[in-house]
Amino acid sequence: MVALPQTFNTADVEDSEFELLPPGEYECMILESEMKATSAGDGAYLQMKIQTKEGRILFERLNIQNKNQQAVDIAYRTLKKMCEAIGKTSIRDTNELHNKR
């Protein structure tokens with residue numbers, strides 16, 4: 001349990017123009033990928049820019065190097081699913097995932 005510094009009331013927060021993507025399956029394509037250092041400087045994540053068939057842009061961050069092994073495991077499971085979705089069983093560079101639906 002985490003105590004908040006003050007009571008959070010949803011009515012006090014303006015709605016965003018950004019809408020969450022509803023749960024479901026979407027045809028997507030990875031447009032870009034790059035490794036970035038974590039803000040703490042003790043790890044790195046793979047950031048991917050993804051576009052849905054409908055044109056929505058999404059970002060995925062995979063904790064490839066992290067002191068939390070569970071975060072790394074989740075990242076690699078997600079990367080595995082991405083590879084399998086385009087028929088790849090192995091990759092050496094994330095560019096191999098780009099521009100494939």
Side-chain angles (χ1 to χ4, degrees):
M1 180 170 69
V2 177
L4 300 174
Q6 61 191 35
T7 300
F8 175 75
N9 187 338
T10 59
D12 295 338
V13 180
E14 288 185 38
D15 284 331
S16 170
E17 292 180 21
F18 176 77
E19 289 183 35
L20 294 177
L21 198 60
E25 291 190 20
Y26 296 87
E27 187 173 326
C28 297
M29 180 169 50
I30 297 170
L31 302 176
E32 302 171 9
S33 59
E34 67 178 305
M35 286 296 286
K36 293 188 172 189
T38 59
S39 57
D42 60 355
Y45 60 91
L46 175 61
Q47 179 169 291
M48 297 180 161
K49 182 177 180 181
I50 302 168
Q51 183 177 35
T52 67
K53 184 178 180 181
E54 297 76 26
R56 298 254 333 243
I57 299 294
L58 313 168
F59 291 92
E60 178 72 59
R61 290 183 175 175
L62 304 177
N63 289 293
I64 301 297
Q65 298 171 353
N66 193 292
K67 59 186 173 186
N68 181 332
Q69 187 58 46
Q70 184 177 14
V72 174
D73 293 344
I74 291 168
Y76 278 109
R77 282 195 298 271
T78 301
L79 186 57
K80 175 184 177 179
K81 289 178 183 178
M82 290 176 167
C83 289
E84 290 173 343
I86 62 166
K88 291 276 193 177
T89 57
S90 66
I91 59 170
R92 297 262 316 147
D93 190 305
T94 58
N95 285 336
E96 296 176 54
L97 302 175
H98 291 192
N99 303 311
K100 294 178 175 54
R101 292 212 176 266

List, one per line, each side-chain donor-acceptor pair under 3.5 Å for residues 45-57, sequence neighbours excluded.
from, atom 1, to, atom 2, distance (Å)
Gln47, OE1, Arg61, NE, 2.9
Gln47, OE1, Arg61, NH2, 3.2
Thr52, OG1, Glu54, N, 3.4
Thr52, OG1, Glu54, OE1, 3.4
Thr52, OG1, Gly55, N, 3.3
Thr52, OG1, Arg56, N, 3.0
Arg56, NH2, Glu19, O, 2.4

Which residue pairs pass the salt bridge (Lys or Arg N to Asp or Glu O under 4.0 Å) test with at least one member in residues 62-77, sequence neighbours excluded? Asp42-Lys67
Validation row: Tyr76, Leu62 side chains within 4.5 angstrom (heavy atoms): no
Which donor-acceptor pairs under 3.5 Å do side chains of residues 21-36 form with protein atoms, sequence neighbours excluded?
from, atom 1, to, atom 2, distance (Å)
Tyr26, OH, Pro22, O, 2.6
Ser33, OG, Thr94, OG1, 2.5
Ser33, OG, His98, NE2, 2.7

Tell me, do Ile86 and Leu97 make a side-chain contact under 4.5 Å, heavy atoms counted? yes
Tell me the closest heavy-atom pair linking Ala44 and Thr38, and the distance in Å. N-CG2, 3.8 Å
Give me each pair satisfying salt bridge (Lys or Arg N to Asp or Glu O under 4.0 Å) with a member in residues 87-98, each pair once, sequence neighbours excluded. Lys88-Glu96
Tell me, yes or no, whether the heavy-atom count around Lys80 atom NZ, taken from other residues, nucleotides or ligands under 6.0 Å, exceeds 12. no
Checking Asn68 now: which residues fulfil side-chain contact (heavy atoms from CB on, under 4.5 Å) with it, not counting sequence neighbours? Asn66, Gln70, Ala71
